[in-house]
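Start at 1 with the first residue, then count along the sequence.
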Amino acid sequence: MKVNNLENSIINNKQRNSDTDVSETIVQKKSLQTLNSDAFSRKNITFTAGMDPTTCLIEFWAAIARGGLAASFTIQDMLGTNFPRTFAALGRNKDITGENNYKAALEAGIREFTTGPSMFIIPALVLAGAARLSGEANRVPVDNIAVFSDIMKGSINNLTDNGFSMQNFANLSKEQANEATLNIKRTFYNDVFKSIFEQYDNSANVDINGYVDLMMQAESPDTPKRSLFKRLFNKRVNIQGNEIDSKDEILTQIHNKFVADKKANTNDWGNFIATKVTAGGKEWKIDDILTDMKNYSDDFSKHYIKTQKKNAKENAKIIIDTFVDNFKNMRTGSRFLTNVLMVLATGLAMSFIPKLYTRSETNPETDAIYAQVNKQRKGAANANT
């Protein structure tokens with residue numbers, strides 16, 4: 001497709017309505033103008049391309065998406081409701097009083113800017129507290145705890161068969177405990193990804209070890225985290241002049257690798273960011289799977305090694321299936337309780353918020369209307385007397 005610039009379009013229009021001589025004159029004049037303003041034109045073109053509204057809008061929403069669900073919701077809530085409603089309240093009844101309604105704007109602002117963020121902040125605080133006090137598996141949904149526990153039974157039994165249980169847990173050093181944790185996590189991750197891809201048509205073509213290596217790299221203490229600012233503006237971590245992959249960037253690599261493998265090894269089109277961990281199970285987003293199995297394995301490995309050390313000193317022995325079932329029941333119960341607490345805490349916060357923004361005894365958004373009505377009634381009453 002050929003795209004004509006503005007000058008060519010003008011010239012072509014002139015040619016339709018003028019003779020050839022006049023057209024040539026126009027072309028010459030336009031050419032001279034173009035040469036004389038070449039530098040300005042280039043600057044103008046560059047500026048226009050950089051400020052393209054569509055590109056800017058796409059980049060803006062991409063930045064919001066990189067901030068995560070909470071940041072996305074909060075920013076969209078502010079742009080879609082908080083600011084518009086606050087400015088609307090500022091002009092409430094201005095047609096009657098002729099002045100801005102600052103009291104109404106203040107109440108609307110407090111109401112809008114506390115309710116939206118609180119819906120994420122309050123549950124997040126409760127969840128963080130539960131995870132800190134009880135274990136990271138409290139961040140994992142109940143159904144997912146059950147699925148991961150079934151897989152973990154096979155993972156621990158496989159490790160035990162390969163001499164993992166022969167370690168001297170009673171005198172386990174910190175370094176040895178860290179190594180044991182890595183062994184549990186690596187085996188568990190391998191079993192999870194194997195369970196996912198064995199349901200696909202050509203699972204033999206999938207590099208399971210590649211997924212496990214990326215997961216371990218993302219969790220390594222040597223892998224840096226990107227700040228919220230860097231994620232929003234898609235800035236890479238730079239250490240001593242070298243750009244380093246951050247944790248979230250590595251997880252994105254796993255995401256992209258998964259989508260590519262699913263497309264290459266399934267015969268039907270579908271949701272390529274979702275999958276089933278076990279045959280016949282529910283579909284999860286791959287990003288949720290990555291997060292949940294990390295939290296579950298963190299919690300399980302700590303609990304397992306701690307119990308092994310205690311039992312080794314007491315000459316007791318762990319029965320793997322029973323231990324995993326007990327862990328599943330314990331974390332299922334605590335997660336259910338956490339869900340209840342999140343609902344109660346959020347409801348309590350929502351009931352308290354009106355006390356924050358109720359600044360006066362009457363509603364400032366209707367005060368002017370009532371005053372006008374009372375004035376009219378008073379005038380009518382005086383007229384009748």
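- Here the side chain of Thr187 pairs no donor or acceptor atom with the backbone of Ile184 at under 3.5 angstrom.
- Note on ring orientation: taking the six-membered ring where Trp is involved, the planes of Phe327 and Tyr296 are perpendicular (angle over 60°, cut-offs 30° and 60°).
- Between Lys153 and Asp325, at least one side-chain N (NZ, or NE/NH1/NH2) sits under 4.0 Å from a carboxylate O, which counts as a salt bridge.
- Within the 3.5 Å criterion, the main-chain N or O of Gln217 finds a donor-acceptor partner in the side chain of Thr223.
- Classified by interplanar angle (parallel below 30°, tilted 30° to 60°, perpendicular above 60°), the ring pair Phe197/Phe193 is parallel.
- A donor-acceptor pair under 3.5 Å is formed between the side chain of Asn138 and the backbone N or O of Gly135.
- The closest donor-acceptor contact from the side chain of Glu249 to the backbone of Ser246 lies under 3.5 Å.
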Pair Asp292-Asn144, side-chain hydrogen bond (donor to acceptor under 3.5 Å, both in side chains): steps then yes or no: CA-CA 8 Å; Asp292 288 347; Asn144 301 1; 2.9 Å; yes
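- What you find for Ala146 and Lys328 is that their closest heavy atoms are CA-CD, 3.8 Å.
- Of the candidates Phe148, Phe188, Phe323, Phe300 forms a ring-ring contact (aromatic ring centres under 6.0 Å, His included) with just one, namely Phe323.
- The backbone N or O of Ala130 sits nowhere less than 3.5 Å from a side-chain atom of Ser134 that would complete a donor-acceptor pair.
- Gln176 places a side-chain N or O within 3.5 Å of a backbone atom of Ser173 that can act as its donor or acceptor partner.
- The distance from the CD1 atom of Ile196 to the CH2 atom of Trp284 is 8.0 Å, given to the nearest 0.5 Å.
- We find that Glu243 and Arg236 are joined by a salt bridge, their nearest charged nitrogen and carboxylate oxygen being less than 4.0 Å apart.
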As a quick check of understanding, evaluate salt bridge (charged side-chain N to carboxylate O under 4.0 Å, His left out) for Asp367 and Lys103, giving each step before the final call. CA-CA 10 Å; Asp367 283 347; Lys103 288 185 178 181; over 6 Å; no
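- Counting all heavy atoms, side chain and backbone alike, Gln253 lies closest to Asp245 at NE2-OD2, 3.2 Å.
- The CD atom of Glu219 sits 10.5 Å away from the CZ atom of Arg186 when rounded to the nearest 0.5 Å.
- Between the side chain of Ser297 and the main chain of Lys294, a donor-acceptor pair closer than 3.5 Å is present.
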Decide salt bridge (charged side-chain N to carboxylate O under 4.0 Å, His left out) for Lys276 and Glu283; before the verdict, give the C-alpha distance in whole Å, the side-chain angles of both, and the deciding distance to 0.1 Å. CA-CA 5 Å; Lys276 297 178 181 179; Glu283 280 199 337; 5.7 Å; no
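- Not one N or O on the side chain of Thr366 forms a donor-acceptor pair closer than 3.5 Å with the backbone of Ile369.
- In this structure, CG on Leu344 lies 11.0 Å from CG on Asn339, to the nearest 0.5 angstrom.
- Although no hydrogens or angles enter the test, the distance criterion places no donor-acceptor pair under 3.5 Å between the side chain of Tyr304 and the main chain of Asp299.
- Here the side chain of Tyr357 pairs no donor or acceptor atom with the backbone of Thr114 at under 3.5 angstrom.
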Starting from the C-alpha separation in whole Å, work towards a yes-or-no answer on salt bridge (charged side-chain N to carboxylate O under 4.0 Å, His left out) for Lys94 and Glu99. CA-CA 5 Å; Lys94 189 173 183 178; Glu99 299 177 352; over 6 Å; no
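- Within 6.0 Å of CE in Met216 there are more than 12 heavy atoms belonging to other residues, nucleotides or ligands.
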